[in-house]
Amino acid sequence: MAISSLLGIAQRALLASETALGVVGNNIANVNTPGYTRQVPDLESDPSSVTAQGVLVGTGVHVAAVRQVLDPLLEKRLLGAETERRQQGAVRDQLSALASVLNELDQPSLGDAVDGFFAAADALARNPGGAAERETLLGQARTLADQLQQRSAAVAALQRGTDDAYVAATTRANDALGRIADLNRAITAAEAGGERANDLRDRRRTALTDLAGVIGIQTVETRDGAVTVSAANGAVLVDGGAVVHPIALREQGAGLDGQALHEAGLADGTGGFIAAPAAFASGELAALAGVRDGDLVAASSDLDTFASTLIGEVNRIQTNAGAGAVDLDGGSTATVPLFGGTDARTITVLLTGADAGRKIGAALSTDPGDNQNALNLADLRTRTQAALGKATFSGYLADLTGAVGEGAARARDTAQASEALQQQLQNQRDSFSGVNLNEELSNLLRYQRAFQASAEAMNVANQILDELMSVIR
Amino acid sequence: MTISRLSDAQSFSLLAQRTGQLQVSLQTLEQEVASGKRLFTPDDDPLAAAAATRARSALAALGQYGSASGFGTEVLGAEDDALGQGEQVLVRAEEIATQQASSLLSPGERAAAREEVHGLLEALTTLGNTELGGRRIFAGLALDTSGAPFKAVPDDVSTYDPTTAYSGSTQAFSVKVGGASSERVRITTRGDAVFTSSLRALKDLWTALDTNGDTGGTLTELAAARDDLATERASVGARQAELIDRTAQVKGLTLDQQKALSEAQDADLVAVIARLTQTQTALQAALAAGAQIARTSLVNLLQV
């Protein structure tokens with residue numbers, strides 16, 4: 001074996017160690033980079049050559065590839081888990097906000113306003129001629145109407161917020177689609193020579209995770225390194241370097257505040273809208289649409305039912321001409337209802353002005369001190385209402401609180417479960433693909449030693465050559 | 001899951017996750033200790049939240065039933081006093097009727113007796129117009145601004161007609177002492193129903209004295225009128241007893257509801273403080289373990 005080949009071996013070993021040290025250094029540098037996949041140098045021995053003596057001798061080492069330590073199956077499961085986590089997380093956040101809006105445990109609650117109104121009716125029944133009692137009843141009626149209006153507006157605002165989040169999520173999804181297509185192009189170009197564009201792949205994985213949070217996706221990697229992304233209904237979203245169907249938005253239906261809500265679909269080549277509900281059946285968009293069009297509408301409708309029943313029942317008693325309801329001045333209240341409006345958004349107190357209190361029909365006769373109709377009004381507190389599912393007014397609110405709390409609690413538990421699953425998969429991924437500094441430091445030592453030894457081999461070759469030269473001299 | 005290899009990101013994220021969870025628990029426990037409550041939003045415990053809402057509303061209603069019972073007891077008490085005094089008025093009238101039945105009395109004594117009966121008529125009218133807090137208790141609790149229900153006895157009693165003396169409310173006043181619309185207790189009786197027979201008996205006695213007639217003949221009527229007052233007084237007493245019963249019942253129910261409310265929303269402070277201490281210890285341990293992870297790096301051992 002020629003001495004010069006020893007020099008060549010040492011030189012290639014130095015280069016290989018240098019490369020390996022670079023890979024280790026890169027791993028250490030990226031120890032805290034989110035989504036980074038650790039890389040390992042694949043060292044491969046150089047092909048042996050036949051010496052003059054006819055024996056096969058190795059010719060050294062080279063770095064065949066820098067490989068990412070990755071489990072593709074685990075990556076796919078992580079994308080699915082991310083879709084589920086973001087979906088359940090969004091449901092939890094929205095329902096928790098709804099539970100706060102309809103929180104009957106906070107003071108002042110709607111239930112307190114109802115109790116206050118009926119307490120004022122009781123007080124009026126004890127002193128039907130009292131100006132203070134009459135004003136108090138009207139004041140409590142206004143408080144109750146205000147509370148209902150505020151809650152109705154808060155639910156509508158929540159729905160608007162949910163729709164805004166829906167629109168923002170589609171923007172994020174389109175941004176992710178664009179990044180995936182760009183990275184597909186870059187990866188295909190970079191890997192044309194057979195190398196692996198590891199860092200570009202990490203970035204594409206991050207973009208895929210972002211997209212998977214918004215809508216459920218399926219991915220297939222093609223031979224050129226690009227990833228084809230399709231929606232849950234099979235529609236191709238990204239093919240190679242092009243976004244085939246970006247996500248489009250159109251206005252669809254009106255919200256609780258009367259403004260338009262949005263629906264996501266797929267855009268065709270000419271920018272037209274293709275409705276594809278099946279494509280948006282999972283992920284954050286599905287969650288937001290579900291809460292926006294389901295839970296929030298139901299909560300608002302429950303408030304409206306409550307308000308309309310209250311308006312109807314109180315006015316039925318106030319305007320009870322058949323029984324002879326009269327105001328403090330003996331005038332019939334048949335055409336003088338107490339509440340106006342038809343639902344929680346529009347409820348108002350119609351009796352206003354200086355002598356509004358006198359207009360309350362507390363009596364069923366013109367006899368001074370008659371409290372019979374005030375007693376009828378006070379009776380409403382405990383009367384069950386068919387329109388409220390045979391509950392009393394207060395009972396209905398308690399049921400509503402329980403139901404909303406139950407929904408929020410269930411959403412929280414489901415979200416916790418899906419977060420735990422995602423975390424478990426993420427731990428598996430980190431365990432397999434994450435950087436361990438101790439491991440990298442020991443690799444650093446390993447390749448440093450190899451580098452030093454290769455340098456020593458070069459030194460030895462040099463000394464041998466020196467000695468050979470001295471023989472010639 | 002078996003972890004055979006731990007990345008640095010993983011060990012720190014596990015630490016951050018664990019300490020984060022513990023800090024959230026600590027914050028919740030501190031809030032419970034500070035407020036004494038365990039319910040903050042309905043999703044903390046939906047069933048308890050519904051129960052607490054129900055109990056609060058039941059307490060508000062019970063408060064009103066309690067007030068109504070108290071108010072009714074007060075009004076009936078005033079009626080009882082007035083009726084008692086009315087009976088005394090009639091007892092005195094019966095005495096006068098008995099004395100004046102004797103023919104040995106002089107015309108002057110008869111005139112004096114007639115004036116006293118006039119006074120008794122006025123006294124009974126005043127009792128019929130009794131006010132409580134500015135409201136007429138024998139006129140459906142109408143405000144005194146609507147005028148006295150019994151008109152005053154004129155100086156010339158002969159023109160006085162007891163049957164038309166009452167012009168007050170014809171309504172009986174009831175208070176609501178329970179949830180059902182049938183749970184009402186009548187706390188007033190129309191003044192004319194109570195006092196007209198007494199006023200008529202007194203007027204007849206006055207007429208007998210005025211016309212030098214037989215006052216002994218009015219004794220039966222006076223006794224019957226006094227019986228009417230006694231009967232009404234017994235009815236007032238019965239209703240008063242019912243309201244006192246109700247008040248006691250409301251107090252009992254209020255205690256029950258307060259207990260239900262407390263069970264639904266109050267924190268068990270002993271348990272909470274024990275858990276608080278436990279969680280603080282766990283957090284300290286997690287942080288200490290975290291510091292240990294940072295210390296066991298190969299970096300520390302490779303320094304030359």
Side-chain angles (χ1 to χ4, degrees), chain A residues 31-32 38 95-96 99-100 102-105 109 111-112 114-115 118-119 122-123 125-127 129-130 365 367-372 375-376 378-379 381-383 394-395 397-399 401-406 408-409 412 423-424 427-428 430-439 441-442 445, chain B residues 1 3-10 12-14 17 37 39-47 49-54 56-61 63-65 67-68 71 135-136 139-143 145-146 168-171 173-176 178-181 184 188 265 296-299 302:
Chain A
V31 64
N32 289 325
R38 78 185 157 105
L95 291 189
S96 157
S100 297
L102 299 179
N103 187 0
E104 282 295 301
L105 300 167
S109 69
D112 288 343
V114 171
D115 289 335
F118 287 123
D122 274 309
R126 289 196 291 275
N127 189 11
S365 71
D367 274 319
D370 184 352
N371 71 341
Q372 294 180 83
L375 285 173
N376 289 339
D379 279 345
R381 184 205 288 268
T382 45
R383 180 163 301 151
S394 301
L397 289 180
D399 290 345
T401 298
V404 166
E406 178 58 35
R412 185 188 58 209
Q423 192 60 47
Q424 194 184 2
N427 276 339
Q428 278 184 32
D430 284 347
S431 168
F432 189 62
S433 305
V435 175
N436 178 315
L437 278 183
N438 287 344
E439 185 181 76
L441 284 169
S442 59
L445 285 180
Chain B
M1 179 181 72
I3 295 180
S4 52
R5 180 180 177 281
L6 193 71
S7 68
D8 278 67
Q10 197 181 356
F12 282 105
S13 80
L14 284 174
Q17 211 183 324
K37 302 239 182 306
L39 281 183
F40 299 102
T41 52
D43 51 325
D44 289 340
D45 185 345
L47 285 178
T53 310
R54 274 202 189 85
R56 280 229 310 267
S57 141
L59 279 172
Q64 290 305 314
Y65 305 150
S67 300
F71 175 69
R135 298 170 70 186
R136 310 283 186 182
L141 284 174
L143 291 178
T145 48
S146 53
S169 170
T170 57
Q171 296 293 327
F173 194 98
S174 299
V175 285
K176 181 174 164 57
S181 52
R184 294 178 184 177
T188 66
Q265 69 174 17
T296 53
S297 171
L298 197 52
V299 179
L302 290 176

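Order of the sequence lines sets the chain letters (A, B, ...), proteins ahead of strands, with each chain counted from 1. Keep in mind that what you see is a predicted model, and the values were worked out from it rather than measured.
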Next on the checklist: For A:Ser394 and B:Arg54: C-alpha separation, side-chain torsions, deciding distance, then whether side-chain contact (heavy atoms from CB on, under 4.5 Å) applies.
Outcome noted: CA-CA 7 Å; A:Ser394 301; B:Arg54 274 202 189 85; over 6 Å; no

Item to check | Evaluation steps, side-chain hydrogen bond (donor to acceptor under 3.5 Å, both in side chains), between B:Ser7 and A:Asn436 | outcome: CA-CA 4 Å; B:Ser7 68; A:Asn436 178 315; over 6 Å; no

Checklist entry - Which is it for B:Val175 and A:Leu375 under the side-chain contact (heavy atoms from CB on, under 4.5 Å) test, yes or no, and what are the steps along the way? => result CA-CA 8 Å; B:Val175 285; A:Leu375 285 173; 5.8 Å; no

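Ranked by heavy-atom pairs under 4.5 Å with chain B, the first of A:Ala378, A:Gly395, A:Gly111, A:Ser442 is A:Ala378. Among A:Ser109, A:Gly405, A:Gly369, the residue making the largest number of heavy-atom pairs under 4.5 Å with chain B is A:Gly405. When the candidates B:Ala58, B:Pro46, B:Gly140 are compared by the number of heavy-atom contacts under 4.5 Å with chain A, B:Pro46 comes out ahead. Between chain A and the options B:Ser169, B:Gly168, B:Ala51, B:Ser13, heavy-atom pairs under 4.5 Å are most frequent for B:Ser169. Comparing B:Ala139, B:Ala9, B:Ser174 by heavy-atom pairs within less than 4.5 Å of chain A, the highest count is held by B:Ser174. Contact count versus chain B (heavy atoms, under 4.5 Å) is highest, among A:Asp112, A:Thr401, A:Leu441, for A:Leu441.
A salt bridge links B:Lys176 with A:Asp379; the closest basic N to acidic carboxylate O contact falls under 4.0 Å. Using a 4.0 Å cut-off between charged side-chain N and carboxylate O, A:Arg412 and B:Asp43 make a salt bridge. Using a cut-off of 4.0 Å between Lys/Arg side-chain N and Asp/Glu carboxylate O, A:Glu104 and B:Arg56 are scored as not salt-bridged.
Annotation: salt bridge (Lys or Arg N to Asp or Glu O under 4.0 Å) contacts of B:Asp45 (sequence neighbours excluded): B:Arg38. Every residue was checked against the salt bridge (Lys or Arg N to Asp or Glu O under 4.0 Å) condition with A:Arg126, not counting sequence neighbours, and none meets it.
Heavy-atom distances place no part of A:Leu95 under 4.5 Å from chain B, backbone and side chain included. For A:Asn32, no part lies near chain B; criterion is any non-hydrogen pair under 4.5 Å. Of the two parts of B:Phe40, only the backbone, made up of N, CA, C and O, holds a non-hydrogen atom closer than 4.5 Å to a non-hydrogen atom of chain A. Within the 4.5 angstrom heavy-atom criterion, no atom of B:Arg136 approaches chain A. With a 4.5 Å cut-off on non-hydrogen atoms, A:Asn376 touches chain B through its backbone and its side chain both. Both the backbone and the side chain of B:Ala68 come within contact range of chain A, with heavy atoms under 4.5 Å apart. Heavy-atom distances place no part of A:Ala403 under 4.5 Å from chain B, backbone and side chain included. For B:Leu143, the part lying under 4.5 angstrom from a heavy atom of chain A is the side chain only.
The minimum heavy-atom distance between B:Ala50 and A:Ala398, with the atom names listed, is CB-O, 3.4 Å. A:Ala119 and B:Gln64 get closest at one heavy-atom pair: CB-NE2, 3.3 Å.
With hydrogens and angles disregarded, a donor-acceptor distance shorter than 3.5 Å links the side chain of B:Arg5 to the backbone of A:Ser431. Counting only distance, with no hydrogens or angles, the side chain of A:Arg383 and the backbone of B:Gly179 share no donor-acceptor pair below 3.5 Å. The main-chain N or O of A:Ser100 is never found under 3.5 Å from a side-chain atom of B:Thr41 such that the two would form a donor-acceptor pair.
By the 4.5 Å heavy-atom criterion applied to side chains, B:Asp44 and A:Leu105 are not counted as neighbours. Side-chain contact check for A:Asn127 versus B:Arg135: some heavy-atom pair is nearer than 4.5 Å.
In this structure, B:Tyr65 OH and A:Arg381 CZ are separated by 5.5 Å, a value rounded to the nearest 0.5 Å. In this structure, CZ in B:Phe71 is found 12.5 Å from CG in A:Asp122, a value given to the nearest 0.5 Å. Between atom CG of residue A:Asp399 and atom OG1 of residue B:Thr53 there is a gap of 9.5 Å, rounded to the nearest 0.5 Å. To the nearest 0.5 Å, the span separating CG on A:Asp370 from CG on B:Leu141 amounts to 11.5 Å.
Each of A:Asn438, A:Val31, A:Asp430, A:Val435 was checked for a side-chain contact (heavy atoms from CB on, under 4.5 Å) with B:Asp8, and the lone residue meeting it is A:Val31.
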